[in-house]
Novice: 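Let me begin by handing over the structure; questions about it come next.
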Amino acid sequence: MKPFKYIYDPAILAIDMGLSGKEADLSTKMYGSVLVKKQPFLGIPLPDISYLKPLIESADLSGLYKNGDDFSICAFYKHDEYFPIARSYYIQFKSQADCEIIAHHMRPQGPRLEYICDLTIFSFTEHSSYEQRVDEFFERIKDKSAGFKGLFDGRKESTTTESAMYLSSNGCMVCGEDKEQLFSTTVTGDKGVLFGFDLCSTHAEECKLSNSNLEYLSSVFGVAAPFVKKDLPRKEVLNMVSDMLVNDFECRIDKIENNTITAYRNKTGFKLVFRLTSELNYGYMIYQPGRKKDVARFDSANHHDVDYGPDHLHRNLKNKKLKPESSFTTGFPVIDKVTLKKVLDEQESEYAKANKPSQSDS
């Protein structure tokens with residue numbers, strides 16, 4: 001799953017909502033971590049002429065450009081520390097006459113759009129320094145997103161999350177305040193995409209009250225959320241998890257009550273108890289046959305000091321010296337099944353070794 005299908009999607013989504021060209025360009029800049037390349041400017045072809053007019057009106061540089069037999073109307077936006085290369089939104093024509101007629105209609109009353117030469121573009125994009133700017137940009141992202149990278153690495157190893165996007169900003173993404181904290185949200189389909197961004201304490205509290213982190217950020221910038229969180233009814237969640245336990249974990253369901261599923265593995269007799277009160281209040285417990293206490297547990301209780309909490313894993317509760325670790329789980333077992341299988345396999349393997357008949361018994 002990608003955050004958008006076409007490179008122009010963030011900008012045209014903003015324009016469709018009635019925002020200005022400058023605000024549309026801001027929507028593009030939010031995705032700097034994936035759109036910035038080592039090139040003097042980013043060319044963004046638009047799907048329709050109607051989108052070009054608001055971008056022309058707000059552009060830092062606009063005009064016509066001839067490249068071989070092709071003609072374009074372009075709207076350039078200047079680079080800055082958040083997006084170190086310029087953006088050029090354009091419509092391309094095969095006919096010079098068509099290009100010039102459309103350009104006239106872009107500004108029927110205002111100053112005429114003139115042809116831009118390569119020298120003007122080189123000067124506007126500060127061509128001689130773009131490579132250094134791009135290198136410095138990615139160094140800043142690397143430093144700022146170290147925590148996010150750790151979270152993504154854990155999610156990728158532990159869940160069905162496959163890709164990630166860090167929305168870079170200088171301080172809080174909303175107000176620029178220096179003392180920021182990392183927020184993240186996962187969009188799921190067959191595979192998950194993890195989004196991360198920074199907020200100050202004030203906007204962090206606002207974000208916690210919203211339907212989802214990504215929807216909060218979209219509302220602040222006045223654009224439609226690319227993905228809207230849909231809360232599934234608990235009954236539907238319980239049915240999906242039960243199907244997963246039967247089909248992916250080869251279990252039989254013993255009972256479902258009080259948002260808790262109890263299941264037994266067909267081959268080994270291990271018991272799995274999934275308490276699914278909510279995404280922020282859950283526990284996955286693993287029991288050996290005949291044992292009353294769980295031998296491994298994932299849960300969301302905020303009572304351990306882990307790097308990426310509060311969600312954590314007790315990998316082996318029989319080993320009292322083994323400390324809890326970050327679980328990187330989400331509270332939805334269908335997403336978390338990768339790490340669930342790993343820990344369950346570990347426990348079943350250890351149990352099988354401990355209960356292997358000795359040669360004297362054979």
Novice: With a 4.0 Å cut-off on N to O distance, would you call D70 and K94 a salt bridge?
Specialist: yes

Novice: So, applying side-chain hydrogen bond (donor to acceptor under 3.5 Å, both in side chains) with Y282, which one of D299, T330, T277, D311 is it?
Specialist: D311

Novice: What's the shortest heavy-atom distance between C172 and L199, and which atoms?
Specialist: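 Smallest interatomic distance, heavy atoms only, reads SG-CA, 3.7 Å.
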
Novice: What do you reckon, are the aromatic ring centroids of F270 and Y264 less than 6.0 Å apart?
Specialist: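 Centroid distance F270-Y264: not below 6.0 Å, so no.
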
Novice: Taking the six-membered ring for Trp and the full ring for Phe, Tyr or His, determine whether the centres of Y89 and F76 are under 6.0 Å apart.
Specialist: no

Novice: Identify whether NZ of Lys or CZ of Arg in K292 sits under 6.0 Å from the centre of the six-membered ring of Y287 and within 45° of that ring's axis.
Specialist: no

Novice: Taking 4.0 angstrom as the limit, do E348 and R265 come out as a salt bridge?
Specialist: yes

Novice: For E350, is there an ion pair with K318 - N to carboxylate O distance below 4.0 angstrom?
Specialist: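 Salt bridge between K318 and E350, a charged N being under 4.0 Å from a carboxylate O: yes.
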
Novice: Is R297 salt-bridged to D294, cutoff N-O under 4.0 Å?
Specialist: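 Judged by the 4.0 Å cut-off on N to carboxylate O distance, R297 and D294 do form a salt bridge.
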
Novice: So, S210 versus E215: side-chain donor-acceptor pair below 3.5 Å or not?
Specialist: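 No donor-acceptor contact under 3.5 Å links the two side chains.
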
Novice: Could you check whether the rings of Y284 and F298 sit parallel, tilted or perpendicular, using 30° and 60° as the cut-offs?
Specialist: tilted

Novice: Between R315 and E346, is the salt bridge (Lys or Arg N to Asp or Glu O under 4.0 Å) condition met? List the steps.
Specialist: CA-CA 9 Å; R315 187 173 293 275; E346 288 173 8; 2.9 Å; yes

Novice: Are side-chain N/O atoms of Y216 and E206 paired as donor and acceptor at under 3.5 Å?
Specialist: yes

Novice: Answer yes or no for K38 and Y130: cation-pi contact, defined as NZ/CZ to six-membered ring centre under 6.0 Å and angle to ring axis within 45°.
Specialist: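 Checked: cation-pi criterion not met.
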
Novice: What heavy-atom pair brings S326 and Y308 nearest, and what distance separates the two atoms?
Specialist: OG-N, 2.9 Å

Novice: If you look at every heavy atom in F122 and T125, which pair is closest and at what distance?
Specialist: O-OG1, 3.3 Å

